[in-house]
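Everything on this sheet refers to the single structure shown next.
Keep in mind that what you see is a predicted model, and the values were worked out from it rather than measured. Note that these values count all heavy atoms, side chains included, but never hydrogens, waters or copies made by symmetry.
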Amino acid sequence: MIGSRMTGLPAALVRLSVLLLAAQMSLAPLAARAADDTTPLGIGLEGFAYPYPVRFLERTRDGERQRLAYMDVPAQGQPNGRSVLLLHGRNFPASYWQPVIQALAGAGYRVVAPDQLGFGKSSKPVSPFSFDTMAADTVALLDALGLPRVDVVAHSMGGMLAVRLTRNAPTRVNSLVLEAPIGLEDYRFTVPPVPDATLLRLEGDATAESYRRQLMTSYSLSLPASAIEPFVSLRERVKGSGEYPRWLQSFVNSYQIIWGQPVVHEIPLIAVPTLFVMGENDHNAPGKPFAPEALRAGMGRNAEHARALAARMPNARAEVLPGIGHLVHMEATDRFNGLTLEFLNGH
């Protein structure tokens, strides 16, 4: 079949095409092998490759030296002189931004994608989190990179951080894309406080199967389970680290700020151009299992909330993608990238 398609091509091109095809075939199983790998990982994901070089910014937290990991990807082709900051969600490392980074860099943007402290390859603080402190870390990173003003694209919990960053440092944000953000409602009104001990027990008891099921169902994903298997594998592999209790405490701390530090009341005050990109099927609402049964049905109306909030903002709109869940940039990559670039290029 290869020979029949390449009849008439110069010999050098034939050889190059065959080599490229062979390379693609050899790389195809890598994602599957990574998901099947059960080798223990350090809680800084040492040994887990990111799609671009990872650098570190020194910080201090809890009286300890901490390291903030980030990817800094230069523009490809003709740079447009602008930079985009990507803020990840709670259950994913910054590596999951790869298809977005490719699109943005290819369109001339410099792209910075950090792992916030507590996530991915960054250090894991054990004291309570604060969106204000996380925003300050992000500003420190922008300062270190000489970036006075950026466009921000944020997913899930990263959307809550982006709101606080925009409110605390409004001169640093040019425009804002919120991809399936959580925090569009105040969870304290429906979910009672949950002690750390309960969360530590539940998260510690999570298995690969229960975590996989949680992501697929809570996020209403249109993806096959194989697409999230690398992230399920990562969570399983860090259990083999001697510092796993530290990772677990840090992860629990991030739930507590989502519940206890709402940003929904600040969203209407954001003045910079804002685009919500929502999955129609996304009804994710952290803490829903802890809410009284009578209140659960009213939680997680995220597309509806986004439209209502956008209508109250000076310069915002909401785009809702039919048939899509919480991982918009992975479930509908081309549509998400297209909407994001159109929006960014217009501001």
Would you kindly check if the NZ (Lys) or CZ (Arg) of K121 is within the cone defined by 45 degrees around the ring axis of Y50 and under 6.0 Å from the six-membered ring centre?
yes

Cation over ring, R164 on F131, under 6.0 Å and within 45°?
no

Is there a donor-acceptor contact under 3.5 Å linking the side chains of [X] and [Y]?
X	Y	answer
Y211	N91	yes
S218	N284	no
S254	Q116	no
H265	D186	yes
Q256	D196	yes

Any idea which heavy atoms bring [X] and [Y] closest together, and the distance?
X	Y	result
L309	F276	CB-CZ, 4.4 Å
R149	P170	NH1-O, 3.9 Å
V152	A162	CG1-CB, 4.0 Å

Mind running salt bridge (charged side-chain N to carboxylate O under 4.0 Å, His left out) on E203 and R235 for me, showing each step along the way?
CA-CA 11 Å; E203 295 291 354; R235 175 154 177 157; 2.5 Å; yes

Gap separating the [atom1] atom of [X] from the [atom2] atom of [Y], nearest 0.5 angstrom:
X	Y	atom1	atom2	result
Y70	L142	OH	CG	11.0 Å
D132	N168	CG	CG	5.0 Å
D282	M278	CG	CE	6.0 Å
L104	L86	CG	CG	6.0 Å

Quick one, K239 with E236, criterion salt bridge (charged side-chain N to carboxylate O under 4.0 Å, His left out). Give me CA distance, side-chain angles, the key distance, then yes/no.
CA-CA 6 Å; K239 292 180 180 179; E236 284 298 294; 2.9 Å; yes

Using the rule given for ring-ring contact (aromatic ring centres under 6.0 Å, His included), can you reason through F119 versus H88, listing the C-alpha separation, both sets of side-chain angles and the distance that settles it, and then say yes or no?
CA-CA 9 Å; F119 302 91; H88 62 79; 5.2 Å; yes

Is there a donor-acceptor contact under 3.5 Å from the side chain of E280 to the main chain of I324?
no

Does the H155 side chain pair with the main chain of H326, one donor and one acceptor, at a distance under 3.5 Å?
yes

Assign the ring pair F336 / H329 to parallel, tilted or perpendicular, where the plane angle (0 to 90°) is split at 30° and 60°.
tilted

So Y255 and F290, would you call those rings parallel, tilted or perpendicular, with 30° and 60° as cut-offs?
perpendicular

If you count every heavy atom of other residues, nucleotides or ligands that lies below 6.0 Å from D205 atom CG, does the total exceed 12?
yes

Mind checking whether [X] and [Y] have side chains closer than 4.5 Å, heavy atoms only?
X	Y	result
F129	L117	no
M71	V111	no
Q102	Y52	yes

State plainly whether the residues [X] and [Y] are in salt-bridge range, i.e. N to O under 4.0 Å.
X	Y	answer
R172	D143	yes
R212	E229	yes
R246	E64	yes
E243	K124	no

Side chain to side chain contact (heavy atoms under 4.5 Å, CB included) partner of M160, the single match among V264, I258, I257, I267
I258

Determine, stepwise, if the pair R55 / D72 fulfils salt bridge (charged side-chain N to carboxylate O under 4.0 Å, His left out).
CA-CA 8 Å; R55 299 177 176 86; D72 184 3; 5.1 Å; no

Can M134 be reached from V126 by stepping across I, L, V, M, F, W or Y side chains whose heavy atoms are under 4.5 Å apart?
no

Distance flag, aromatic centroids of F251 and W247, threshold under 6.0 Å:
yes

